[in-house]
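Heads up, the thing below is written out as structure tokens.
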Amino acid sequence: MTYTITIHEPENIRKIEAEADTNLLGFLRDASIVLDTPCAGSGTCGKCRIKVSGGQPAEGRELALLGEQAASEGYRLACYIYIQSDLDIYPDTPKADSKILTDIAEARFGLDAVVSKREAQLKKPDLNDQRDDVRRVMDAGGIAPPLELKQLRGIPDIVRAHDFSVRFIDFNGEWIGIEPGDRTDACYGAAFDIGTTTIAAYLFDLNTGERKAVHACLNPQRRFGADVISRIHHAGEEQDGLKELNDLIISCINDTLDVLIETAEIATDMIYGAVFAGNTTMMHLLMGLNPTAIAVAPFIPATTAMHRIDPADIGIKINEQGAAVVLPCVSAYVGADTVAAVLSCGMTENEDVALMVDIGTNAEIVLGNKDSLTACSVAAGPAFEGARIRCGVGGITGAVDTVDFSGGISYTTIDQAPAIGICGSGLVDAAAGMLDSGILDPTGRLNEPDELPEETAKQYDGRLITIDDERAFLIAGEDEAEKAVYLTQRDIRELQNAKAAIAGGIVTLLKETGLSLEDVKTVYLAGGFGNYINAEHAARIGLLPEALKEKTRSAGNAAGSGASAALLSKAALKAFNQMTSEIDYIELSSHPGFTEAYVDAMMFPED
Ligand code: FES
């Protein structure tokens with residue numbers, strides 16, 4: 001039995017037949033309608049909202065997640081619907097662009113790119129020099145046998161194409177390819193930071209070190225969940241799930257390369273190197289490796305080593321003789337992105353102890369100096385990226401990104417657009433302000449208006465609201481024409497969990513290393529959220545220890561900086577590889593000290 005699903009898009013109406021009992025979320029995905037699905041369709045996030053006409057109204061858990069207001073406007077949660085009648089679907093206009101952090105630090109390593117070209121004039125054969133073509137190439141290039149068949153095949157034509165003048169292509173000092181000597185010496189490379197949520201890419205001229213183009217976009221895999229666990233689940237449990245995730249990231253990388261070459265006005269085959277940093281799961285999905293064992297104790301990745309791969313083997317569209325380099329990781333939850341961030345912050349070169357905190361869907365924390373580094377990872381939860389927060393959004397246009405409680409409430413939004421939700425930095429500001437004003441008590445409880453001093457209740461009259469029988473605080477949208485952006489009691493609990501995980505991780509690392517807060521000279525906040533967070537407010541809610549708030553520094557896209565360094569400098573790549581074997585990793589999932597520190601950090605600090 002089939003039903004007709006009519007999709008009403010602004011400039012198009014499509015009718016598609018659907019088998020009875022098909023899940024609407026999967027159906028819409030196949031119809032190229034992508035909804036926010038941080039919980040990957042497990043029915044817990046409440047974000048896969050879509051206007052539906054026909055079928056049953058929302059009820060039970062779906063209604064609780066959706067809210068009466070949205071339900072009365074005709075919204076349903078797509079993952080809750082199994083098609084049992086004809087339906088009319090009205091997708092919202094797509095959300096505006098994300099603001100993705102692409103700032104990278106100035107290169108600290110000298111230019112000595114990992115991929116380079118060198119010119120050579122081979123001695124021409126004659127009756128006295130009867131060496132074969134391959135021998136001639138190997139002698140001139142200092143190349144050791146054996147060569148692969150695909151390399152052998154090109155050599156007779158290449159050496160004769162320009163009268164025995166050739167260009168060797170080297171990776172990290174080793175020969176990887178050869179081309180005729182009349183080819184340009186142009187040699188470009190791209191560094192990628194593959195985040196769970198966003199992707200940032202940088203194109204460099206490898207002869208000069210000049211940055212020629214930058215591009216950032218959202219990770220298309222996020223339709224299968226906001227966090228790595230959802231992606232791992234999809235890769236391991238769904239038929240073709242791994243291939244689906246691999247295809248998505250590869251085609252996103254190729255689209256990104258297209259944008260980079262267009263901006264720099266170069267040709268695809270002038271790119272000889274592509275270097276990738278990302279968390280361990282992203283690196284697995286990029287290589288098409290099954291990441292399932294990462295998600296279950298004892299959390300063992302298929303590989304944490306650096307891999308140089310033929311671009312064609314993973315479908316990356318750069319010069320086919322170039323190198324695709326997947327940077328090494330430390331463990332299942334301390335990936336190449338964290339190592340790149342440590343490299344970029346200079347922690348491996350300094351005497352002074354520094355703390356690096358990279359807050360994303362997970363938070364990676366690294367403590368130490370040039371003599372030793374210790375790392376851990378905590379499941380901060382994607383609260384700071386908008387997931388599991390009722391009005392939460394990522395760093396997109398219209399996200400409330402700062403909230404100020406001095407003299408009433410004022411806020412700013414990304415791109416000064418009308419507020420559509422609240423992102424991580426706004427969440428931290430709002431919670432800090434709510435604590436200072438007494439709206440929130442140190443246990444994390446939102447006070448009732450009659451529990452507040454008369455003056456406070458008056459000042460925030462109209463903001464202390466009830467949403468679907470739950471206490472909430474209105475941040476934006478007092479005017480009914482605007483979208484209401486508020487924090488509910490449940491949102492505050494999510495925030496407490498996330499900040500307690502990070503604070504607990506910091507305390508555990510300090511204890512394990514025998515260091516004190518006074519020993520820490522600098523705190524680097526990496527990643528999109530870390531870059532925009534107000535350190536004073538982060539300390540107010542207990543996300544960072546009070547003693548560290550004056551020591552914080554934004555590290556920009558430190559993972560992107562580190563990946564770029566590994567592309568532009570052999571010394572940086574060497575340091576990168578060395579670090580992965582030298583960083584001590586502490587697994588916190590069963591660490592008794594962490595559990596204690598996490599519970600201790602759950603409360604908000606007293607004023
Ligand atoms: Fe539907 Fe999360 S509730 S995707």
Side-chain angles (χ1 to χ4, degrees), residues 5 7 18 21-84 87 89-92 94-95 98 196-197 218-238 241 244-245 248 295 360-362 379-394 396 420-424 427 467-468 470 488 490-491 493-495 497-498:
I5 310 301
I7 303 174
D21 291 329
T22 303
N23 181 264
L24 185 64
L25 183 63
F27 171 85
L28 290 175
R29 201 180 277 150
D30 293 343
S32 301
I33 294 178
V34 178
L35 303 178
D36 258 356
T37 56
C39 76
S42 61
T44 55
C45 71
K47 298 279 181 189
C48 59
R49 290 167 27 135
I50 192 147
K51 235 178 209 175
V52 178
S53 160
Q56 303 298 316
E59 54 184 29
R61 183 153 170 67
E62 180 192 356
L63 182 58
L65 281 168
L66 192 58
E68 299 278 359
Q69 172 78 24
S72 70
E73 290 167 13
Y75 281 99
R76 297 278 318 261
L77 294 180
C79 69
Y80 276 82
I81 299 178
Y82 288 86
I83 298 168
Q84 277 160 356
L87 297 175
I89 306 288
Y90 300 86
D92 285 343
K95 277 185 192 156
S98 278
T196 314
T197 310
L218 291 168
N219 186 333
Q221 295 173 337
R222 72 194 196 292
R223 73 180 70 160
F224 295 109
D227 52 28
V228 293
I229 299 299
S230 315
R231 312 265 172 96
I232 292 172
H233 179 83
H234 186 78
E237 305 283 313
E238 301 295 326
E244 209 167 359
L245 289 164
L248 278 172
T361 43
N362 263 12
F384 295 118
E385 298 198 338
R388 298 206 203 119
I389 300 294
R390 180 95 178 239
C391 296
V393 289
I396 59 176
I420 59 158
I422 188 162
C423 67
L427 178 63
I467 300 281
D468 300 325
E470 199 185 353
T488 66
R490 228 173 301 181
D491 295 337
R493 299 299 179 209
E494 284 290 340
L495 172 66
N497 276 323

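Remember, it's 1-based here, ligands and their atoms both numbered in the order they're listed. From a predicted model like this one, the values you see are computed outputs, not experimental measurements.
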For this session: Could you list the residues that satisfy salt bridge (Lys or Arg N to Asp or Glu O under 4.0 Å) with R231, not counting sequence neighbours?
Result: none

Problem set entry | Other residues, nucleotides, ligands: >12 heavy atoms within 6.0 Å of R490 CZ |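 Counting other residues, nucleotides and ligands, CZ of R490 stays at 12 neighbours or fewer.
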
Exercise. What heavy-atom pair brings I232 and A295 nearest, and what distance separates the two atoms?
Worked result: CG2-CB, 3.8 Å

Seminar exercise, completed: The protein N, O or S atoms lying under 2.8 Å from atom 2 (Fe) of ligand 1 are C39 SG, C45 SG

Exercise. Does some side-chain heavy atom of L24 sit less than 4.5 Å from a side-chain heavy atom of V52?
Worked result: yes

Exercise. What residues, two or more places apart in sequence or in another chain, satisfy side chain to side chain contact (heavy atoms under 4.5 Å, CB included) together with S42?
Worked result: C39, T44

Seminar exercise, completed: Hits for side-chain hydrogen bond (donor to acceptor under 3.5 Å, both in side chains) against Q56, two or more places apart or cross-chain, chain-then-number order -> none

